[in-house]
Amino acid sequence: MSLDHLPTPCLLLDLATLKRNIARMAAAVARHPGVQLRPHMKTAKSAAVAELAAPGGGPITVSTLAEARYFAAHGFRDQIYAVGITPSKLDAVAALNAEGAEIRIITDDLETAQAIAAHPGRLPTLIEVDIGEGRAGVAPDGEALLAIGAALGAKLAGVLSHSGHSYAGRSEAAMAELAEIERAGIVLAATRLREAGHVVSVVSAGASPTAMYAAHLDGVTEMRAGVYMMGDLLQAQLGVHPLEDIAVTVLTSVTGRYPARNAVLVDAGALALSKDRSTEAAPRDWKFGRVLDAAGQPSLGDAMVVRVHQEHGEVRAAEGGTLPMDQLRVGTRLRVAPNHVCLTAAAHPHYHVLDESGRVVAVWDRVNFW
């Protein structure tokens, strides 16, 4: 099938680029003996992608119960459900584990830890540790860490951190420095728990930038990263992958031409692209996405989606440039590379998978929602 036969907007996935991105991260983590890559499937949400990123059934990371069920049903039983658990979800996780899965949960809350310990099901738990992001987790040198460890008792499986603040890094050296801060913090947490008499088998850290650029990972057992598989404009500016290695784009059609203001409208708006401006503070702000031609090439120069409404995107050339209006008649197919692929992909039910010739060779499902 050619792109001309697809409805727009829809999600495209370039298979060769996906494989290249997966191989690049696998090689980066393989530099660290004893450290396992645990790909985070929160972006891909696809068993077909997981089979490439974590062949043989895992290990993987998930972010929703829907993902946990879906991936377990597809043979990926070794999972970390990397969002703070609530007591109301314990029965669901315990049921999956009773059916043969090995899903570890996380918490940073003492009362929740007590509920986990009191639950009759198998619920191996990681304590979430904050090493600088300021989103969730307990301090690695604080008393809450030991209190939660004591409350969990035999259900304590390890510690987990996320260096989401590494996305603010703007050089390899800066991201390596943040990776070392995370490594030192999570290892300190594990050491303190062990000194208190606990068994800590999992020391789980990571984000795509730190997984790519960590200088060493002594004391860490695994790195979690996910967005690297698909790539996006922010990850490209962080150096996680080259700009041309964004595997996911949104196919869209021109719906209106406005030469007087040097703009065209397309049928990919906020619902198809998201309104995330994750590149706004980056060296290059791509507004709501970089616009490519139907073959995925930058033949329109640095054109970008400058404004979005629910179902409309307005495309303009970069400042000082002009759009080739003679090439942009109504119905012309274009592709938009996203700022933040996690949010863009979440708007779509499946991927149209492209081979190296740009033809659609498969449709891969996604598990959306919760």
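Start at 1 with the first residue, then count along the sequence.
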Any residue meeting side chain to side chain donor-acceptor pair (under 3.5 Å) with Arg316, in chain and number order, not counting sequence neighbours:
Glu314
Is [Y] close to [X] at the side-chain level, that is, under 4.5 Å between some pair of heavy atoms?
X	Y	result
Thr86	Thr112	no
Val341	Thr43	yes
Glu311	Leu271	yes
Val129	Ile131	yes

Give every residue pair that meets the salt bridge (charged side-chain N to carboxylate O under 4.0 Å, His left out) criterion with at least one member in residues 39-49, sequence neighbours excluded.
Lys45-Glu67
Is there a path of hydrophobic side-chain contacts, each under 4.5 Å between heavy atoms, that joins [X] and [Y]?
X	Y	result
Ile186	Met212	yes
Tyr70	Val62	yes
Leu343	Leu238	no
Leu273	Leu6	no
Val266	Val306	no

Working to the nearest 0.5 angstrom, can you tell me the gap between [X] [atom1] and [Y] [atom2]?
X	Y	atom1	atom2	result
Leu52	Ile22	CG	CD1	5.0 Å
Phe76	Ile60	CZ	CD1	6.5 Å
Glu182	Ser163	CD	OG	3.5 Å
Thr125	Arg104	OG1	CZ	10.5 Å
Asp293	Leu334	CG	CG	7.5 Å
His348	Leu11	NE2	CG	5.0 Å

Please tabulate, one pair per line, all N/O donor-acceptor pairs under 3.5 Å involving side-chain atoms of residues 317-331, not counting sequence neighbours.
residue, atom, partner, partner atom, Å
Arg329, NH1, Asp326, O, 2.5

Side chain Thr191, main chain Val187, donor-acceptor under 3.5 Å:
yes
Counting distance only, does the side-chain N/O of Thr279 pair as donor-acceptor with the main-chain N or O of Ala282 below 3.5 Å?
no
Under 3.5 Å, is there a donor-acceptor pair between the [X] and [Y] side chains?
X	Y	result
Ser357	Asp355	yes
Arg20	Thr17	yes
Thr255	Asp267	no
Tyr351	Arg366	yes

Check this for me: [X], atom [atom1], are more than 12 non-hydrogen atoms of other residues, nucleotides or ligands nearer than 6.0 Å?
X	atom1	result
Gln114	CD	yes
Glu244	CD	yes
His312	NE2	no

For Arg38, is there an ion pair with Glu222 - N to carboxylate O distance below 4.0 angstrom?
yes
NZ/NE/NH1/NH2 to OD/OE distance under 4.0 Å, Glu180 and Arg183
yes
Side chain to side chain contact (heavy atoms under 4.5 Å, CB included) between Val353 and Val363: does it pass, once the steps are laid out?
CA-CA 6 Å; Val353 182; Val363 177; over 6 Å; no
Should the pair Arg307 and Phe288 be classed as cation-pi, given the thresholds of under 6.0 Å to the six-membered ring centre and 45° from the axis?
no
NZ or CZ of Arg284 within 45° of Trp286 ring axis and under 6.0 Å:
yes
For Arg257, what residues pass the salt bridge (Lys or Arg N to Asp or Glu O under 4.0 Å) criterion, not counting sequence neighbours?
none
Not counting sequence neighbours, which residues clear salt bridge (Lys or Arg N to Asp or Glu O under 4.0 Å) with Arg24? List them please.
Asp245
Under 3.5 Å, side-chain donor or acceptor atoms of residues 141-159 against the rest of the protein: list the pairs with distances, not counting sequence neighbours.
residue, atom, partner, partner atom, Å
Lys155, NZ, Ile116, O, 2.9
Lys155, NZ, His119, O, 2.3
Lys155, NZ, Gly121, O, 3.1

